[in-house]
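Worksheet: the structure to be examined is printed underneath.
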Amino acid sequence: MSKVVTRFPPSPTGHLHIGGARTALFNWLLARNKGGKFILRIEDTDLDRSSKEMTKSIIEAMEWLGLTWDEGPYFQTKRFDIYQHHIKLLINQGKAYYCKCTREEVDEMRKKAMDKGEKPKYDGRCRELGLGPGEGRVVRFKAPLRGETVFNDLLKGPIAVDNRELDDFIIKREDGSPTYNLAVVVDDATMGVTHILRGDDHINNTPKQVLLYEALGYQVPKFAHVPMILGPDKKKLSKRHGAKSVLEYKELGYLPEAVLNYLVRLGWSYKDQEIFTLEEMIKKFSIKRLSNSACVFDPEKLKWVNSQHIKKKDKRELAILLRKYLANQGIVTQDISYLEKIVPLLQPRSHTMVEMAEKAKFFVIEDEKIEYPKDTLEKFLTQEVKAHLVELTNRFSSLEEFSINSLEDVTRQYLEEKNIKFKLLAQPIRICITGQTASPGLFETMEVLGKDRTLNRLNRALRLV
RNA sequence: GUCCCCAUCGUCUAGCUCGGUCCAGGACACCGGCCUUUCACGCCGGCGACAGGGGUUCAAAUCCCCUUGGGGACGCCA
């Protein structure tokens with residue numbers, strides 16, 4: 001049994017987006033599941049559109065997601081001599097040829113073919129000319145004129161294409177650089193890639209690539225074409241849909257494991273399970289359970305998945321993350337152990353880390369910075385309520401142990417004495433100590449805040465009205 | 001236009017390989033209710049789909065064909 005080798009080959013013409021991340025994930029998962037190898041390869045043969053910044057961004061995104069690679073990153077621009085060698089091989093064997101047709105001429109041919117009701121193609125006019133290299137010339141692959149090219153897709157089964165649908169595609173550009181189809185094949189073959197999982201928008205490329213493998217005498221790898229991710233309008237996901245880069249989700253407060261979890265469920269399933277840890281994903285992943293129809297990206301569900309992972313995540317790790325997201329909102333604190341106490345109160349209430357940071361604010365800022373929205377104090381702190389709160393604050397202050405239990409005990413006792421309902425005082429207290437009408441449970445909040453700050457806030461608010 | 005792929009609730013999907021256990025299960029969203037000091041969480045319930053038509057069969061979401069619909073590809077982009 002030979003080792004499974006997969007790869008992810010992004011082209012650095014844009015950020016790593018959701019669709020790319022999912023493809024990377026599937027390949028990574030397969031490699032990890034089989035104890036194989038996962039390669040990262042940067043496909044930067046398009047010199048004009050590729051950039052260093054995007055390469056950096058993609059790598060950063062991969063690292064953030066935790067999709068670790070065992071080899072690479074390789075850069076195609078550093079492998080030009082390898083491609084050159086293979087191209088020469090094909091030419092020498094009469095399997096490829098130089099073509100002197102201009103772009104305009106080719107356009108013309110394509111138009112003609114269209115008019116005849118055929119697929120737009122190059123008509124092969126230089127095919128038998130035996131041309132040598134020269135200014136403005138490209139190299140084309142000599143595709144078979146008849147017969148069919150078949151490959152067995154691991155997901156969709158055998159796919160056969162009539163060779164008349166293919167044309168003599170370019171493998172080497174005017175400027176000498178290799179084109180995509182040649183470069184992938186040479187790379188995958190020489191890197192020993194055994195399994196290729198990619199979007200099914202590549203199905204049409206596959207016959208060409210199979211032909212190339214055969215012409216070069218390489219073994220054809222196994223292909224699995226996974227359905228694509230569509231926008232809500234059922235069109236290919238793009239910036240139109242705010243098809244954000246993966247890194248944007250980081251900014252928005254998503255956990256990498258949640259993004260991965262959501263992505264894996266888009267086009268893959270394991271019975272009725274929705275939430276997976278990384279380990280579970282690796283253990284349970286199999287090509288067989290990939291679905292074969294396109295799916296629509298649903299931000300709402302992503303959010304829910306994220307909230308589930310927030311609930312599960314280690315408090316300390318969350319506290320560290322929370323500190324970063326607070327800093328993004330301009331609130332700097334070094335006190336991780338304090339944040340660690342806040343986290344459990346916020347876990348069930350936060351769908352994203354950004355949300356958690358917002359909800360954590362009042363815990364962290366100074367007492368004097370608590371702002372009371374206009375009129376709320378007047379509205380909630382009526383004379384009657386105020387009198388109660390003054391008295392209650394007094395009792396709080398005489399508490400030795402400032403805990404949920406002690407706090408609740410004094411309060412209940414007070415309510416009983418005065419024969420009033422907690423409802424009468426709850427919101428007013430909340431307003432005083434948080435400045436908000438919504439917050440975690442009052443006693444928990446007070447405990448976390450601590451005696452000093454709680455009393456301070458209570459007194460300050462009471463004074464203001 | 002030509003070729004290729006796909007087709008279960010609004011969305012993600014289970015079930016389809018080995019037809020009966022499916023008047024189709026789960027999840028998100030949505031709508032009720034419960035819990036409750038607010039907001040959430042959680043729990044309970046509801047809404048909601050086998051694209052259509054033909055076959056095959058005692059029996060089809062499951063197999064076959066056609067239609068329709070959707071998506072993708074047709075580049076000196078990847």
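The chains referred to below are lettered A, B, ... by the order of the sequence lines, with proteins before strands, and numbering in each begins at 1.
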- [ ] State whether A:Lys121 and A:Glu165 are salt-bridged, where the test is any N-O pair (Lys NZ or Arg NE/NH1/NH2 against Asp/Glu carboxylate O) under 4.0 Å.
- [x] no
Open item on the list: Work out how far the P atom of B:G70 is from that of B:U11, and round it to whole angstrom.
Closed with: 14 Å
Open item on the list: Closest approach to the side chain of A:Arg430, judged atom by atom: which nucleotide of B:A27, B:U37, B:C76 is it?
Closed with: B:U37
Open item on the list: Can you identify which nucleotide, out of B:A78, B:C76, B:C41, has its nearest atom closest to the A:His351 side chain?
Closed with: B:C41
- [ ] Decide yes or no, distance alone: a donor-acceptor N/O pair under 3.5 angstrom between the base of B:G26 and the side-chain of A:Gln273.
- [x] no
TODO: Report the nucleotide, chosen from B:C5, B:U8, B:U37, that has the shortest atom-to-atom distance to any side-chain atom of A:Ser293.
DONE: B:U8
Open item on the list: If I take atom CG in residue A:Asn292 and atom P in nucleotide B:C4, what distance separates them, rounded to the nearest angstrom?
Closed with: 17 Å
Open item on the list: Here's a test of your reading of the structure: between A:Val138 and A:Glu118, which maps to the more 5' nucleotide of RNA chain B?
Closed with: A:Glu118
Open item on the list: What is the separation between atom CD on A:Glu358 and atom C1' on B:A40, rounded to the nearest whole Å?
Closed with: 15 Å
Task: Closest listed nucleotide, where the reference is the side chain of A:Cys295 and the choices are B:U37, B:C76, B:U13 - done: B:U13
Open item on the list: As a test of reading the structure: which of B:C4, B:C41, B:A29 is closest to the side chain of A:Ile203, going by heavy atoms?
Closed with: B:C4
Open item on the list: What is the separation between atom CG on A:Leu290 and atom P on B:U13, rounded to the nearest whole Å?
Closed with: 10 Å
Open item on the list: Using a 4.0 Å heavy-atom cut-off, does A:Lys311 contact any base of the nucleic acid, only the sugar-phosphate backbone, or nothing at all?
Closed with: sugar-phosphate
Task: Under 4.0 angstrom between A:Arg140 side-chain N/O and B:G75 OP1 or OP2 - done: no
Task: A:Glu408 or A:Gln308, whichever maps to the more 5' nucleotide of RNA chain B - done: A:Glu408
Task: Spacing of A:Lys312 atom NZ relative to B:G42 atom P, expressed in whole Å - done: 13 Å
Open item on the list: Using atom C1' in both nucleotides, what's the gap between B:A73 and B:G32 to the nearest angstrom?
Closed with: 48 Å
Open item on the list: Counting only side-chain heavy atoms from C-beta out, which of B:U37, B:C76, B:U2 sits nearest to A:Arg412?
Closed with: B:U37
Open item on the list: If I take atom CE from residue A:Met54 and atom CD1 from residue A:Ile42, how far apart are they, to the nearest 0.5 angstrom?
Closed with: 12.5 Å
Open item on the list: Any N or O donor-acceptor pair under 3.5 Å from the base of B:C76 to the side chain of A:Glu174?
Closed with: yes
Task: Minimum-distance nucleotide to A:Arg110 side chain [options: B:U38, B:A27, B:G75] - done: B:G75
Open item on the list: Quick test of your reading of the model: are A:Arg137 and A:Glu174 salt-bridged, counting only N-O distances below 4.0 Å?
Closed with: no
Task: Same-atom distance (P) from B:C23 to B:C50, integer angstrom - done: 14 Å
Open item on the list: Using a strict threshold of under 4.0 Å (side-chain N to carboxylate O), is an ion pair present between A:Lys112 and A:Glu118?
Closed with: no
Task: P atoms of B:G45 and B:U68, separation to the nearest Å - done: 44 Å
- [ ] Calculate the interatomic distance between A:Tyr262 atom OH and B:C28 atom P; express it in whole Å.
- [x] 13 Å
Open item on the list: Using atom P in both nucleotides, what's the gap between B:C44 and B:C64 to the nearest angstrom?
Closed with: 39 Å
TODO: Determine the interatomic distance between C1' on B:C28 and the same-named atom on B:G71; round to the nearest Å.
DONE: 23 Å
Open item on the list: Could you measure the distance from the CZ atom of A:Phe402 to the CG atom of A:Leu455? Nearest 0.5 Å is fine.
Closed with: 5.0 Å
Task: Ring centres under 6.0 angstrom apart (A:Tyr262, A:Phe297) - done: yes
TODO: Tell me which nucleotide among B:A78, B:U37, B:G15 gets nearest to the side chain of A:Phe422.
DONE: B:U37
Task: Integer-rounded Å distance: B:G75 P and A:Asn181 CG - done: 11 Å
Open item on the list: Before we go on, tell me: are the rings of A:Tyr414 and A:His388 under 6.0 Å apart, centre to centre?
Closed with: yes
Task: Minimum heavy-atom distance between A:Leu197 and A:Thr23, given as atom pair plus value - done: O-CG2, 3.4 Å
Task: Same-atom distance (C1') from B:C3 to B:U62, integer angstrom - done: 29 Å
Task: d(CZ, A:Phe8; P, B:A78) in whole Å - done: 15 Å
- [ ] Enter syn or anti for the glycosidic conformation of B:C28, syn applying to angles within 90° of 0.
- [x] anti
Open item on the list: What contact category does A:Arg289 fall into here, base, sugar-phosphate, or nothing, at under 4.0 angstrom with non-hydrogen atoms?
Closed with: sugar-phosphate
Detail all sub-3.5 Å separations between protein N/O atoms and N/O atoms belonging to nucleotides 70-73 of chain B.
from, atom 1, to, atom 2, distance (Å)
B:G71, OP1, A:Lys235, NZ, 2.4
B:G72, OP1, A:Lys236, N, 2.9
B:G72, N2, A:Asn204, OD1, 3.4
B:A73, OP1, A:Lys236, NZ, 2.7
B:A73, O4', A:Asn204, ND2, 3.0

Task: No-H, no-angle donor-acceptor pair, A:Arg349 side chain to B:C41 base, under 3.5 Å - done: no
Task: Point-to-point distance, once rounded to the nearest 0.5 Å, from CZ of A:Arg349 to OG of A:Ser439 - done: 7.5 Å
- [ ] Determine the contact category for A:Glu165: base if any of its heavy atoms lies under 4.0 Å from a base atom, sugar-phosphate if only primed atoms, P, OP1 or OP2 are that close, otherwise nothing.
- [x] sugar-phosphate
Return a table of donor-acceptor pairs under 3.5 angstrom between the side chains of residues 138-146 of chain A and protein atoms on other chains or two or more places apart.
from, atom 1, to, atom 2, distance (Å)
A:Arg140, NH1, A:Asp168, O, 2.7
A:Lys142, NZ, A:Gly94, O, 3.4

- [ ] Look at the side-chain N and O atoms of A:Ser269 and state whether any lies under 4.0 Å from the OP1 or OP2 oxygen of B:A14.
- [x] yes
Open item on the list: Students often get this wrong, so: under 4.0 angstrom with heavy atoms, is A:Phe169 touching a base, only sugar-phosphate, or nothing?
Closed with: nothing
Task: A:Lys301, nearest nucleotide to its side chain (from B:A78, B:G26, B:A29) - done: B:G26
Open item on the list: Taking B:G52 as the reference, what is the distance to B:G10 when you measure between their P atoms (whole Å, please)?
Closed with: 13 Å
Task: Protein-nucleotide distance (A:Ile58, atom CD1; B:A78, atom P), rounded to Å - done: 14 Å
TODO: Both distances under 3.5 Å, Watson-Crick or G-U wobble: report the partner of B:U36, or none.
DONE: none
- [ ] Determine, for A:Glu135 against A:Lys100, whether the closest basic-nitrogen to carboxylate-oxygen distance falls under 4.0 angstrom.
- [x] no
Open item on the list: The side chain of A:Gln427 is closest to which nucleotide in this list: B:G75, B:A14, B:U38?
Closed with: B:U38
